[in-house]
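Written below as C-alpha cells is the structure these notes are about.
Residue numbers run from 1 in the order of the sequence given.
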Amino acid sequence: MSLTPQVYWAQRHHELYLRVELSDVQSPEIHISDNTLHFKALGHGAKGVNTYEFSLEFLEPVKPEVQQRSTQRQVGITVKKCESNWWLRLTKQERKPLFLSPDFDRWLDESDAEKELHDKEQRITKIRTESRTREDPFLYVKRGYLFMYNLVQFLGFSWIFVNMTVRLFILGKDSFYDTFHTMADMMYFCQTLAVLEIINPLIGLVKTGVFPSVIQVVGRNVILFIVLGQLEEMQNKGVVFFVFYLWSTIEIIRYPFYMLACIDVEWKLLTWIRYTIWIPLYPLGGLAEAASIVQAIPVFNETEKFSLQVPLLNVAISFSIFLIIYLVFLGAGLVINCRHMNKQRRRRLGRRKRKMH
C-alpha cells in the first residue's frame with residue numbers, strides 16, 4: 001500500500017500552489033498528464049522515511065509545465081492555469097481527498113486575490129513608467145518649463161480676477177463698462193501666451209490632445225482680438241465683464257492644478273474643484289462669448305469692417321456672416337470641450353475608486 005503525504009493548496013487567478021509536507025526529498029518525480037498531477041518521491045513524512053506518492057486530477061485544464069522547488073522541510077509546486085479564472089475547488093472530483101487541505105499561509109479569497117493582482121499590475125506599471133522617466137535626460141527641464149508657464153498664467157489671470165472683483169465691490173455695475181480698458185492688456189498677454197498650449201502637445205511636452213486646446217485658444221482669441229479688440233463700440237459693453245470674469249475664474253483653478261501635477265503633488269480639494277467647477281462655468285462662458293458675438297454682428301454690418309469685396313459680382317460679403325458661422329462652431333466646440341472634461345472627470349473618479357478598493 002502506497003503512502004500519501006499531506007498536501008496543502010492555494011490559488012490565484014492564473015496559477016495554483018501546492019505544498020507537499022515531505023522533508024529531505026531528493027529528486028522528486030513530478031509531471032502532469034491528462035490534466036492530472038502525478039507526484040512520487042522518497043522523503044521523511046508522517047510515516048518516517050518512505051516513498052510517498054499521490055495523484056490529483058484538476059478541476060479545469062492546466063498547462064503541462066510544472067515548477068517545483070524543494071527545501072529541507074517541504075516541496076513547493078506551482079502549476080499554471082490555461083485560463084485566468086477562479087476555481088471553486090482544486091480537483092475534478094467533488095469529494096476532497098483526505099490528504100488535501102487549504103494552505104492558509106497563502107490562502108486568499110477571490111476579492112483579495114483580485115486586489116493582489118491589481119496591486120502587482122500597478123507596481124509593474126510604476127516601474128515601467130519610472131524606467132521610461134529615467135531615460136529622459138530633459139525631464140526636469142521640461143517640468144520646470146511647464147511649471148513656470150502655468151505659474152505665469154496663474155499670476156496673470158489672478159491679477160485680472162482680483163482687480164475685477166475689487167472694482168465690482170467698489171464701483172458696482174459701473175465697473176462693467178470699462179472692463180476692457182482696464183484689463184485688456186493683461187488679457188492680451190495671457191491669451192497670446194496661451195498659444196503655447198497648442199504647441200506643447202504638438203511637440204510632446206504634454207499628453208493632452210491638441211484638438212481641445214485649439215478649440216479653446218482659437219475661440220477665445222477670436223473673441224478677444226477681433227470681436228472686442230477691433231470694435232470700439234463693443235469695448236464699453238457689459239458683456240465684456242462677464243467674458244473676462246468667467247475666463248479668469250476657470251483659469252485660477254486650472255493652472256494651479258497643472259502646476260502641482262508638474263511636481264507630482266495632488267491636492268484633493270483642488271482636484272475636486274478642478275473637475276467640478278467646469279460644469280457650470282464652461283456653459284456660462286460659452287453663453288457669454290455667444291452674447292458678445294450676437295451684439296457685435298449689427299456693429300460689423302453697420303461699419304462694414306472686415307467685409308470681403310467681390311469685384312466680379314460687385315458685392316461685399318459682410319464679416320457678420322462669418323460670425324454667424326462661427327457661432328455654430330462655438331456651440332460645437334463647447335460640446336467637444338465639455339465631453340473632454342467629462343471624460344477626464346470620469347477617469348479621475350475611476351482611479352480614485354480603484355485606490356479605495
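- Here the closest non-hydrogen pair linking Ala296 and Leu231 is CB-CD1, 4.0 Å.
- Taking 4.5 Å as the limit, every side-chain heavy atom of Lys96 sits out of range of all side-chain heavy atoms of Thr91.
- Of all the heavy atoms in Ser318 and Asn301, the pair that sits closest is OG-OD1, 2.9 Å.
- Checking each of Leu330, Val218, Ile293 against Ile223 for a side-chain contact (heavy atoms from CB on, under 4.5 Å) leaves exactly one that passes, namely Ile293.
- Looking at Asn50, its side chain never comes within 3.5 Å of a backbone N or O of Leu42 through a donor-acceptor pair.
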Worksheet item: Could you walk me through whether Arg19 and Gln6 pass the side-chain contact (heavy atoms from CB on, under 4.5 Å) check?
Response: CA-CA 8 Å; Arg19 177 164 57 87; Gln6 185 65 37; over 6 Å; no
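- Taking a cutoff of 4.0 Å between a charged side-chain nitrogen and a carboxylate oxygen, Arg167 and Asp178 qualify as a salt bridge.
- When the side chains of ILVMFWY residues are joined at heavy-atom separations under 4.5 Å, either directly or via intervening members, Ile30 and Leu100 end up in a single hydrophobic cluster.
- Put simply, the side chain of Ser248 never gets that close to the backbone of Ile160: no donor and acceptor are under 3.5 Å apart.
- Between Ile32 and Pro64, the shortest heavy-atom distance links the atoms CB-O, 3.9 Å.
- Aromatic ring pairs are classed by plane angle as parallel below 30°, tilted from 30° to 60° and perpendicular above 60°; the pair Phe157 and Tyr255 is parallel.
- A salt bridge does not link Lys268 with Glu266: none of the charged nitrogens is closer than 4.0 Å to a carboxylate oxygen.
- Annotation for Gln93: atom CD counts as buried by contact number, over 12 foreign heavy atoms lying within 6.0 Å.
- With salt bridges taken as basic N to acidic carboxylate O contacts below 4.0 Å, one links Glu251 and Arg254.
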Worksheet item: So Tyr275 and Phe257, ring pair (Phe, Tyr, Trp, His ring centres under 6.0 Å) or not? Walk me through it.
Response: CA-CA 10 Å; Tyr275 289 104; Phe257 174 80; 5.6 Å; yes
Practice prompt. Report the C-alpha distance between Tyr188 and Phe225 in whole Å, list the side-chain angles of each, state the deciding distance to 0.1 Å, and finish with yes or no for ring pair (Phe, Tyr, Trp, His ring centres under 6.0 Å).
Written response: CA-CA 8 Å; Tyr188 278 143; Phe225 288 96; 5.0 Å; yes
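- Residues Gln235 and Val240 share a closest heavy-atom pair of O-CG2, 4.4 Å.
- The shortest side-chain heavy-atom distance between Trp267 and Ile273 does not fall under the 4.5 Å cut-off.
- Scanning both residues, Ala194 and Val217, for their nearest heavy atoms gives O-CG2, 3.5 Å.
- Distance alone, capped at 3.5 Å, places no donor-acceptor pair between the Ser320 side chain and the Leu323 backbone.
- Shown here is Leu269, whose CG atom has more than 12 heavy atoms of other residues, nucleotides or ligands within 6.0 Å.
- Here the side chain of Lys80 pairs no donor or acceptor atom with the backbone of Leu16 at under 3.5 angstrom.
- In this structure the side chain of Tyr52 never reaches within 4.5 angstrom of the side chain of Val25, judged on heavy atoms.
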Item to complete: Evaluate the ring pair (Phe, Tyr, Trp, His ring centres under 6.0 Å) criterion for residues Phe242 and Phe176: first the C-alpha distance (whole Å), next the side-chain angles of each, then the deciding distance (0.1 Å), finally the verdict.
Response: CA-CA 8 Å; Phe242 294 100; Phe176 289 3; 5.3 Å; yes
